Amino acid sequence: MDSSTIVMLAIFIPFIFAFLVPVASKLLKQRIGWFAVAIALLTLFLILKITPIIVHGDTIYGEIVWLPTAGLTFNVYADGLSVLIGLLASGIGVIIMTYSNGYMSTKEDLPRYYQYLLLFMGSMIGMVFSANTIQLFIFWELTSFTSFMLIGYWNDKPESIYGATKALVLTAIGGLVMLAGFLLLQVITGTFDIPTILHDESMIQAIHGHELFLITLVLIFIGAAAKSAQGPFYIWLPNAMEAPTPVSAFLHSATMVKAGIYLVARIHPLFAGTDAWFILVSGTGMITMVVAGFLAFRQTDIKAILAYSTISQLAYIMTMYGYTTYHEPGIGVAAATFHLVNHATFKASLFLVAGIVAHEAATRDIRKLGGLRKEMPLTFIIACIGAFAMAGLPPFNGFLSKEMFYESSLEMGVALGSPFTLLIPAIAVMGGVLTFAYSIKFIDGIFFGRRQTRGLPEHIHDPPAVMLIPAAFLAALVILFGLFPSIPVHAVVEPTTAGIIREDVELHIKMWHGFTTPLMMTIITFMIGLGVYTKYGAIAAWQDRFNLRYPKISVNYYYDLLVQNAQASARTISSITQPGTVKTYMSALILTVVVLVGIPIILLGADIIPQSLNFDIAVYEVLIMLFMVIAGIAAALLPAYLPAIIALSALGYLVSLLFIYLKAPDLALTQILVETLSTIIFLLVIVKMPQKFRESIPTTTLVRDLIIAGAVASTVFIILINATQGIIPPFESLSHYFIENSITLAGGRNVVNVIIVDFRGYDTLGEISVLCVAAFGVYNLIHSRGNKT
Amino acid sequence: MKRYLYYSIPLGIMWCFVHGTVSIQNFLFGLLLGPVVIRPFRELYDFDQELSFKREVRKIPKQIIYFLVLIMEITKASIMVSKIVISPKIDIKPGIIAVPLRTRTNGGITAIANTITLTPGTLTIDVADDRSVLYVHSIDASYPESIRMSIRDDLERFVLEAFE
Amino acid sequence: MNNTFLSLTIAILFGIGTFLILRRDIVKVIIGLGILSHAVNVLIVSVGIFDGTRVPILAGSYNEAETTGSVFNDNLAEDILSPVVQAGTHIDYVDPLVQALVLTAIVISLATTAFILILAYRIHEEYGTTDIRELRRLWG
Amino acid sequence: MSFIISALNVLSTAVLVIGLIFVFLGMLGLLRLPDVYNRLHATTKVATLGAFGVMASIVLNVGFTPIGIKAITVGLFLLLTAPIASHMIGRAARRHGVELCAESVIDEYIIAGETD
Amino acid sequence: MIILTDHLPILLIAIPILSSMVMVFLKGSPVLQKNLNVFIYFCLVILAIMLLQKVWTGGIMVYEVGEWGKYGIILVADLLSSGMVLLTLGISFLSLIYSLDYIEERSLNSTYHSLFNLLVAGLNGSFLTGDIFNLFVFFEVLLLSSCGLVIANEKVGVTRSSDKMEATFKYLILSMLGSIVMLIAVASLYATVGTLNMADIAVKVSASSAAGTLPWHVFAIALLFIVVFGNKAAIFPLHYWLPDVHPTAPSPISAMLSGVLIKIGVYGMLRVFFLIFRDVLPMFQPIIILMALATIVVGAVSAVGQTDIKRMLAYSSIGQIGYIFLGIGMGSALTIAASLVYLVNHAVAKSMLFLTSGGIIHHAGTRDMYRMGGMIKSAPLMASMFLVGAMSISGIPPMGGFIAKFVLFKAGIQEEYYIPVAIAILFALFTLFYMMRAWMKMFWGTVNDSERQGNATPHAPALLMAIPIIILALIIVVLGLYAEPLLALAQATAEQIVDPQPYIDAVLTRNVR
Amino acid sequence: MNLLIFSLTFMVLAIIPCIYRIVKGPTIPDRVVAMDAMNTVIVVMLGVYSFVQGSVFFMDVALVLSILSFVGTVTISKYLDEGVVL
Amino acid sequence: MTTLITKTITKICLPLVILFSISLLLAGHNNPGGGFIGGVMFASIISLVYVVFGLRYTTAFFNPDWSRWLASGLALASVTAFAAIPAGHNFFRSAVEFIHLPVIGEIELVSAALFDVGVYFVVIGTLLFILKNVGEDT
Ligand code: NA
Ligand code: NA
């Protein structure tokens with residue numbers, strides 16, 4: 001099989017089988033989870049099958065014709081980076097789905113759960129293997145959406161709904177902004193194809209030199225930051241913890257949040273090497289790292305600790321990708337990539353531990369937990385491995401990547417010079433200190449201290465194997481990668497790095513590399529970290545005071561302000577813009593006419609008055625017109641209905657008289673008939689109404705309405721005196737034809753009637769349809785009293 | 001059937017008049033069309049009552065006389081009202097008077113009411129439900145009795161002859 | 001026809017109609033619509049393009065010409081009957097097309113007016129008032 | 001024969017003018033007379049006669065051509081319906097509660113429903 | 001031998017008219033009436049497909065009603081009009097099926113079928129006509145028939161009849177003002193160029209524009225046409241009637257109104273501005289773009305504020321119309337093609353959402369989303385269907401709405417309208433937000449039984465209501481996964497729109513008897 | 001032609017009182033009378049017009065107007081009298 | 001209730017106006033008139049009958065289903081327009097035919113006149129349908 005076909009299969013298989021889950025669950029009942037595991041395994045197998053090609057240093061490309069008109073093909077591209085994330089997604093997918101078989105109660109809606117998980121996995125794989133930005137965006141939004149569905153899995157809980165909304169709002173906002181960035185990128189490069197850009201040095205030069213460079217970068221980076229919960233967008237991730245714990249482990253720590261990192265890595269070749277890149281990426285990363293680290297330390301919910309720690313760990317990675325501007329890119333990218341792998345392993349294992357603890361102890365509150373190490377020894381060991389790796393203790397893999405982080409921070413500081421020489425390493429150490437502190441807190445809070453009895457089950461023990469083995473497997477990987485870093489490094493980190501910096505790299509990562517500055521920094525980290533941990537009480541008290549005093553210094557405050565109050569505030573706006581009074585609406589329409597037509601009138605000034613005006617008219621004609629105006633004014637001013645109707649009717653008869661002078665007997669006839677009929681209907685209608693309605697018009701209203709009326713009259717007058725200047729010279733009217741051919745072709749002398757029933761009889765067909773419609777409509781009106789609820 | 005024939009002739013004439021051309025074809029056409037037109041409304045046209053052609057035909061000359069008298073009376077009335085209208089100061093003594101009737105048929109009452117309206121100084125306002133009294137507005141109601149007398153003696157006589 | 005006084009009258013009627021549709025009373029609003037549709041009908045006729053003096057009802061008829069009479073015969077016209085109407089005589093007629101258009105417009109406005117009047121009747125029934133400011137159950 | 005025709009022409013023009021004057025006087029009455037009942041006298045009698053006269057003059061002029069026939073129809077129709085219209089208006093006015101003018105001397109009208 | 005396909009355009013208009021009268025005679029036998037009308041619509045859909053196919057392969061089709069050439073009324077089926085007709089009939093067909101279980105029996109038997117058929121006749125007539133006054137006439141047909149349908153009674157009446165009256169009044173009165181403006185515009189145009197045939201007008205306006213003899217008031221007329229079609233399409237500030245009418249109408253009619261009826265304004269805009277005023281178009285583009293953007297903003301913000309599900313959908317329609325107008329305002333073949341794709345997707349998705357909301361209202365007995373909740377368990381079909389529609393409207397892949405938004409934004413950026421596209425993208429977020437919030441309010445959370453109104457008992461939607469929804473959902477997904485035919489059609493249509501010469505040639509180079 | 005202009009001007013002047021009564025009333029029946037009278041004047045004008053122009057078309061209009069004027073007057077009167085129309 | 005004299009005059013007007021409306025309908029092609037004008041004349045005289053005799057009294061003996069009138073009218077109009085298609089022409093193509101009859105002479109038959117008859121019935125049906133429905137309601 002063609003390797004690109006394999007990639008496509010890896011994308012489609014989860015989707016196809018996700019839609020088969022409901023069917024399969026009819027057969028498998030509670031064991032549907034194993035079906036999902038099998039699919040995930042199959043996907044993992046497919047990706048593993050192409051891994052050797054990538055490790056060898058090649059890339060894979062394949063395409064299917066999709067939407068040629070829109071300039072889109074369905075194409076896949078596999079290099080080190082995509083295979084790395086692909087392996088994470090499918091590999092951790094296998095582990096999580098296995099674990100879920102123990103974690104999820106059989107009373108739950110399992111088909112829906114596994115369906116979403118498979119859809120998510122497919123989207124994630126589709127996203128990383130997408131060879132064009134639009135396809136990437138499509139899968140990106142799908143991951144957001146499946147994430148939304150999974151966070152809201154327990155959809156009757158208000159917290160779930162809140163968390164799901166938040167995640168969707170922020171990640172989807174990011175996604176759309178990113179789409180805008182991609183569109184601009186297409187403007188710059190002329191293509192959506194990622195490999196095309198990556199493999200074309202001149203295009204990258206063009207990007208760097210383009211005036212849209214900064215805005216494009218910012219837009220795309222916002223997408224990445226939102227997805228990876230960086231910067232102000234971090235707030236969705238803690239609330240996402242309302243999802244079932246396996247979901248949190250899978251989506252919100254190991255894979256989906258890595259999508260943002262993936263994107264940063266993916267666009268690295270396009271934008272890196274500029275000040276903007278460093279400030280944006282590393283700046284966001286460093287701030288996030290410290291803030292999230294601090295918040296993680298302060299949490300009492302064990303999943304919340306992990307959530308904030310995820311944010312801070314992702315910030316490490318982000319920071320390192322940003323560093324590459326000013327020093328040798330290989331180190332930073334490799335360190336970031338390596339930490340990405342390591343984080344996936346230890347954080348997923350910690351989440352599984354948290355899930356086990358919550359599952360067995362029925363609480364996630366660290367204040368209620370404690371002293372569980374004897375009752376759950378195996379869980380305790382796994383937790384220690386994960387937490388120590390996170391804290392950066394040797395000999396676990398976290399130590400290695402953290403050392404690389406310190407090392408690159410140092411180099412960065414040096415490269416930037418004073419005052420950054422110390423500042424950047426200091427910030428890095430600060431991040432490390434906080435990480436150390438919350439890692440210790442996690443272990444200490446759950447497994448050490450006093451075993452509480454109140455609110456906890458009597459017997460707490462290690463979980464069944466189906467939950468323990470996945471966690472243990474991940475812990476084993478932590479140790480394995482720590483002791484033998486060359487395994488992941490050769491398999492994925494090097495090809496990934498090579499793909500990003502577009503040159504071959506060879507990394508030599510060892511546990512012991514002498515008493516170097518980074519090691520000193522590590523030791524300092526541990527010491528301060530311990531100190532900080534012991535001062536937990538004081539720090540907590542300080543933060544509580546701070547929160548009380550400055551409640552507005554919080555992103556969540558503004559999110560809630562905007563989103564939670566969105567309905568009410570939008571309602572306020574819409575009740576102003578849509579006040580419900582017909583008069584406003586009509587005024588809007590009338591004013592639109594007046595203003596729009598006023599534009600050319602004002603622009604043209606006096607030129608709007610045509611050269612020749614015709615004032616030649618008989619006295620009696622003037623009188624008739626005067627009567628019309630008087631009747632109209634009477635209809636307007638008479639307060640009682642009947643006199644006003646009579647005046648309107650008189651106006652109608654005068655109009656028919658005018659039609660006589662305009663040589664239109666058919667019109668006069670019709671006008672007379674219609675006038676009388678309308679009067680009868682008027683009378684019918686006012687039968688039940690009060691006889692008059694005396695409206696006292698306030699002066700301001702009167703003036704305003706008179707101005708509007710005057711404006712309308714002027715507009716009509718100006719258009720009319722111009723329009724009656726006659727047809728544009730060389731052209732002739734259609735009407736000559738009618739007069740010439742009325743008798744000969746249609747056999748009638750009354751040209752008007754002939755037009756109505758023959759030349760334009762089709763209009764009349766429409767006209768009598770209107771009449772029928774009015775009849776039926778009136779019937780409906782009269783018989784619409786059914787619902788008075 | 002008799003009624004159809006009775007109505008068909010005036011309807012034939014009517015058709016000629018509304019059509020604007022008096023010709024034998026038109027009359028025949030109207031003759032055929034007319035009864036069809038009033039067929040749905042036979043409830044209104046006393047189709048269940050007895051009818052004597054002879055009597056109806058005999059009335060025609062008297063109806064013509066009545067019509068001429070009517071025109072003359074209208075002219076007199078108009079001149080009278082016109083005088084009032086163009087006089088510099090309008091000096092009138094109007095009022096509503098009840099006039100007892102002898103006539104009882106629809107046609108008779110209608111004819112007399114219309115006649116009253118069109119003749120000097122008087123205007124039918126209403127007819128009592130039992131058809132016994134006409135209420136008449138007179139532009140000069142100084143002598144109600146004389147008005148009652150003139151209506152009974154002059155007008156009603158013509159009407160009774162022409163329409164009953 | 002395309003007389004400035006007529007244009008002015010039409011414009012004033014438009015002004016009156018506009019003033020009326022901005023009133024509070026539903027009946028007044030509908031009267032305003034009535035005035036507007038009168039105005040627009042006269043407007044259409046007034047833009048009729050040629051300054052004829054005669055009603056567009058022609059003299060002469062089929063009967064005057066000797067015809068064989070045949071359904072759907074295109075040639076009938078040109079060959080036999082064209083002498084009936086002399087070339088150029090049309091100049092004296094007013095524009096028939098605008099009249100036909102206005103006829104259609106009048107009928108349509110009759111239908112619409114009937115509908116909206118009965119709608120007003122129902123609104124009065126539902127709301128117990130003819131004040132359209134009370135028609136504010138739907139807003140926001 | 002031509003004498004008759006020209007005599008008819010003169011007659012018809014005279015009748016036309018008289019008719020027009022009557023119509024005008026009727027309208028003047030509408031303006032000047034004190035209450036609706038008296039105004040009805042003016043419009044119903046004077047104006048109707050005027051209209052009838054105009055129609056008659058047309059018939060005198062054109063004879064039994066379509067115009068003439070239609071003129072007869074119009075004239076007769078007016079003669080037939082004008083009294084009814086004024087009767088309806090007068091009755092409605094009286095029952096609607098329009099008072100007779102101050103100059104009125106007598107009111108014998110009994111509204112059907114009000115006797116009991 | 002009668003060749004039926006020669007008469008396709010008129011059949012699509014005249015058959016609904018004739019059949020609406022047949023429905024009156026069949027009042028007494030409702031079953032026959034229903035079946036016959038469904039059958040008629042099935043045939044009409046087939047005819048519409050045939051028409052589109054014929055136009056696609058054979059080029060623009062001109063049908064002279066009465067064989068009077070440009071002196072009479074001409075029907076023109078180009079890709080735009082035949083495409084719109086197919087869209088109309090497709091949605092009408094499904095709405096009709098839906099109505100059979102949704103509309104109260106008496107309303108359904110006595111007037112509903114007739115009015116519905118006349119509405120469709122009005123729509124098809126408007127799309128197909130080549131005559132500007134005839135366009136007015138058919139506008140009136142569809143205006144009044146839609147008013148009549150808005151007040152038709154529903155089986156589960158949660159909408160007060162007073163609301164229907166109020167909404168209809170606002171709709172009708174604003175539309176009547178629009179009609180008056182249109183008459184002024186049409187009459188003035190006729191007075192200036194002496195013809196009503198749109199192709200003929202176009203030729204004359206272009207010629208005099210080239211010769212420099214075009215009077216200035218033609219611009220004023222063009223601006224009047226913006227008001228006319230803007231009013232039909234409900235673009236700001238002419239949108240006020242829409243949020244009242246669309247929610248109060250019975251759901252199948254809401255689907256017709258939002259799905260098809262407001263598109264008539266879009267159609268008119270494309271037809272009139274790109275045919276008649278094409279030489280002076282650049283002057284109007286900024287106005288259209290500004291109005292479109294304002295429409296997007298107003299629609300999006302107001303939709304966020306709603307608690308009534310159908311009212312929210314109505315505001316959403318306003319916003320979405322803004323997007324469509326944005327594409328028109330940007331005025332190139334690309335952006336117009338994008339607008340058309342958007343139009344189709346919105347039509348399908350919004351009709352589907354309104355139909356679904358009808359089912360939801362049947363189920364919940366209220367239109368207030370904030371009083372619903374937890375219905376995902378009791379109404380899973382409605383939940384998933386609404387989600388599909390909501391995703392499509394919000395532009396979430398893989399639904400059709402995404403493709404629409406994508407092509408629109410892409411085309412806009414290609415034409416270098418950065419700021420308008422940025423605003424459009426920003427407010428697309430609002431769409432996502434209110435749609436998903438609505439979905440969560442209705443289907444997540446807890447069931448709120450005590451709030452349920454008395455007259456409605458929860459029940460599964462009737463079969464005839466479910467089928468159209470499912471079909472529309474399938475179309476949405478198909479439009480997302482494989483939009484190529486639509487894109488190609490839109491592209492070809494847009495090219496026809498921006499280059500109207502073939503249209504003019506087809507209309508004017510005919511033998512006139 | 002002079003006859004036409006004379007007649008028409010004369011009749012148009014005759015409309016002035018009608019318009020006055022329609023506007024000023026004072027009672028509703030006054031307005032109805034005025035309306036009816038105005039229609040009579042218009043009928044006369046149509047008759048004259050038809051006669052002078054020699055075309056029957058306007059006489060048709062006159063007949064229609066006299067019929068419709070009657071219908072309208074009767075309807076309004078009934079409404080005034082009884083408060084109902086049909 | 002209206003008075004006796006009004007009713008009597010209405011009885012005279014009724015056939016007159018109906019005949020006039022038919023005359024207008026038939027004359028329409030060559031003179032002012034036609035389906036719409038004739039139809040409204042018809043409708044207005046029927047409405048006068050409704051007014052003068054009362055809707056309830058009238059419908060007791062004269063109560064057609066006006067919706068069927070309008071339906072037949074529109075159906076007739078569209079069928080007339082359709083009739084050209086079987087003859088190999090376009091929709092709404094009109095036809096003119098002369099018939100020589102012994103007594104009446106030459107009659108001009110125009111397909112458009114048939115269409116006008118359709119209009120006539122639509123107008124009558126619509127207006128009276130509306131009046132009757134609303135009248136019964138008030
Ligand atoms: Na603890
Ligand atoms: Na006609």
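All values reported here derive from a predicted model rather than from experimental measurement. Here is the naming used below: chain letters follow the sequence lines, and residue numbers restart at 1 for every chain.
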Heavy-atom proximity to chain E below 4.5 Å, by part of [X]:
X: C:A111; answer: both
X: C:T112; answer: both
X: C:L43; answer: side chain
X: C:V102; answer: neither

**Message:** Within this structure, what is the OG1-CD1 distance for the pair E:T192 and E:I221, rounded to the nearest 0.5 Å?
**Reply:** 4.5 Å
**Prompt:** CG of C:L138 to OH of E:Y240: how many Å apart, nearest 0.5 Å?
**Reply:**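 Spacing of CG (C:L138) from OH (E:Y240) equals 15.5 Å.
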**Asked** Are C:L36 and E:L177 close enough, and set up right, to give a side chain to side chain contact (heavy atoms under 4.5 Å, CB included), and what steps lead you there?
**Response** CA-CA 9 Å; C:L36 283 178; E:L177 291 184; 3.9 Å; yes
**Message:** What verdict does the side chain to side chain contact (heavy atoms under 4.5 Å, CB included) test give for E:L119 and E:L115, after you've listed the backbone C-alpha separation in whole Å, the side-chain angles of each residue and the deciding distance to 0.1 Å?
**Reply:** CA-CA 6 Å; E:L119 173 65; E:L115 281 171; over 6 Å; no
Judged by atom type as modelled, is there a donor-acceptor pair below 3.5 Å linking the side chain of [X] to the main-chain atoms of [Y]?
X: C:T130; Y: C:I26; value: no
X: E:S302; Y: E:G299; value: no
X: E:K164; Y: E:A152; value: yes
X: E:S146; Y: E:L142; value: yes

**Message:** Checking E:S114 now: which residues fulfil side chain to side chain contact (heavy atoms under 4.5 Å, CB included) with it, not counting sequence neighbours?
**Reply:**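 For E:S114 the side chain to side chain contact (heavy atoms under 4.5 Å, CB included) partners, ignoring immediate neighbours, are A:F776, E:S20, E:M23, E:V24.
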**Asked** Of all residues at least two apart in sequence or in a different chain, which pass the side chain to side chain contact (heavy atoms under 4.5 Å, CB included) check with E:A222?
**Response**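 With sequence neighbours excluded, E:A222 shows a side chain to side chain contact (heavy atoms under 4.5 Å, CB included) to E:F273, E:F277, E:F284, given in chain and number order.
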**Request:** Carefully, step by step, assess E:F225 and E:I132 under the rule side chain to side chain contact (heavy atoms under 4.5 Å, CB included).
**Result:** CA-CA 11 Å; E:F225 274 114; E:I132 191 91; 3.9 Å; yes
**Request:** Pull out the residues in residues 304-314 of chain E that come under 4.5 Å of chain C, heavy atom to heavy atom, sorted by number.
**Result:** E:Q306, E:R311
**Message:** Just to be sure I understand the criterion: a residue of residues 166-175 of chain E counts if one of its heavy atoms is under 4.5 Å from a heavy atom of chain C. Which ones qualify?
**Reply:** E:E166, E:A167, E:T168, E:F169, E:K170, E:L172, E:I173
**Prompt:** Counting heavy-atom pairs under 4.5 Å to chain C, which of E:I180, E:V141, E:V186 comes out on top?
**Reply:** E:I180
**Plane angle bin for E:F236 and E:H239 - parallel if under 30°, tilted between 30 and 60°, otherwise perpendicular** =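 Answer is parallel, since the angle falls under 30°.
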**Request:** Using the side chain to side chain contact (heavy atoms under 4.5 Å, CB included) rule, take E:I17 and E:L118 through it: C-alpha gap first, then chi angles, then the decisive distance, then the call.
**Result:** CA-CA 6 Å; E:I17 293 180; E:L118 285 172; 4.2 Å; yes
Among [options], which residue has the highest count of heavy-atom pairs closer than 4.5 Å to chain E?
options: C:I30, C:I132, C:I44, C:N41; result: C:I44
options: C:G140, C:A120, C:S109, C:A105; result: C:G140
options: C:V40, C:I116, C:I123; result: C:I116
options: C:I21, C:L101, C:V29; result: C:L101

**Prompt:** Does the gap between the ring centers of E:F133 and E:F136 come in under 6.0 Å?
**Reply:** yes
